[in-house]
Amino acid sequence: MRMTSHPLFDTPTAGYEQVKASALGFVEAMRLGGSPWQFRKERGGGESFYGSYHALHILDMFGGLNSLSGQERDGWADYLCADQSEDGLF
């Protein structure tokens, strides 16, 4: 299904850019370690599955995953799947 374009959404507004910068700044502040998938959920916290899960969504929303290599994408998938139970829940 092809989404049609609308002028209202074609050009990012100053408000959009402010939200984007704030969200990506928060994600960067929560980053841990040298792996692109290790994040904490809150300041001072340790590594958190949910922090990483939410970071993934925010990065995806603003195009932050587009530059990842295949190996980095596989790392994200492996990290997330490691916490999945046999019945499919996290």
Side-chain angles (χ1 to χ4, degrees):
M1 178 173 143
R2 184 174 184 273
M3 303 277 299
T4 58
S5 180
H6 188 282
L8 180 63
F9 302 112
D10 287 346
T11 305
T13 64
Y16 169 86
E17 293 298 337
Q18 184 178 1
V19 168
K20 177 181 176 180
S22 179
L24 292 176
F26 177 78
V27 167
E28 200 54 42
M30 296 298 107
R31 185 181 297 278
L32 288 172
S35 299
W37 51 84
Q38 290 181 327
F39 292 84
R40 63 181 131 227
K41 188 172 73 171
E42 57 199 9
R43 184 176 22 197
E47 182 179 354
S48 164
F49 172 83
Y50 291 105
S52 296
Y53 172 81
H54 294 299
L56 178 67
H57 282 282
I58 292 169
L59 290 169
D60 183 45
M61 183 169 41
F62 294 114
L65 302 177
N66 296 341
S67 63
L68 294 183
S69 69
Q71 185 177 8
E72 289 169 321
R73 288 175 186 267
D74 289 345
W76 267 107
D78 292 344
Y79 175 80
L80 295 173
C81 289
D83 280 339
Q84 188 174 20
S85 64
E86 288 195 26
D87 61 4
L89 301 175
F90 288 91

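Quantities reported herein were computed from a predicted structural model and do not represent experimental measurements. By convention here, the first residue in the shown sequence is residue 1.
- Taking CD from E28 and CG from L59, the interatomic distance works out to 8.5 Å, rounded to the nearest 0.5 Å.
- Going from atom OG of S48 over to atom CD of E42 covers 8.0 Å, rounded to the nearest 0.5 Å.
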For residues 73-81, which side-chain donor-acceptor pairs fall under 3.5 Å, sequence neighbours excluded?
unit_1, atom_1, unit_2, atom_2, d
R73, NH2, L65, O, 2.8
Y79, OH, E47, OE2, 3.2

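- In terms of heavy atoms, R40 sits closest to R31 at NH2-O, 3.9 Å.
- Heavy-atom neighbours of Y16 OH from other residues, nucleotides or ligands within 6.0 Å: above the threshold of 12.
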### Step-by-step side-chain contact (heavy atoms from CB on, under 4.5 Å) determination, K20 to L24
CA-CA 6 Å; K20 177 181 176 180; L24 292 176; 3.8 Å; yes
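- Contact detail for K41 and Y50: the closest heavy-atom pair is CD-CB, 4.3 Å.
- Hydrophobic clustering (side-chain heavy atoms under 4.5 Å, transitive across Ile, Leu, Val, Met, Phe, Trp, Tyr) keeps L32 apart from Y53.
- Here the side chain of S22 pairs no donor or acceptor atom with the backbone of Q18 at under 3.5 angstrom.
- With hydrogens and angles ignored, the 3.5 Å screen pairs no side-chain donor or acceptor of S35 with any backbone N or O of W37.
- Checked against side-chain contact (heavy atoms from CB on, under 4.5 Å), S69 has the following partners two or more places apart in sequence or in another chain: Q71, E72.
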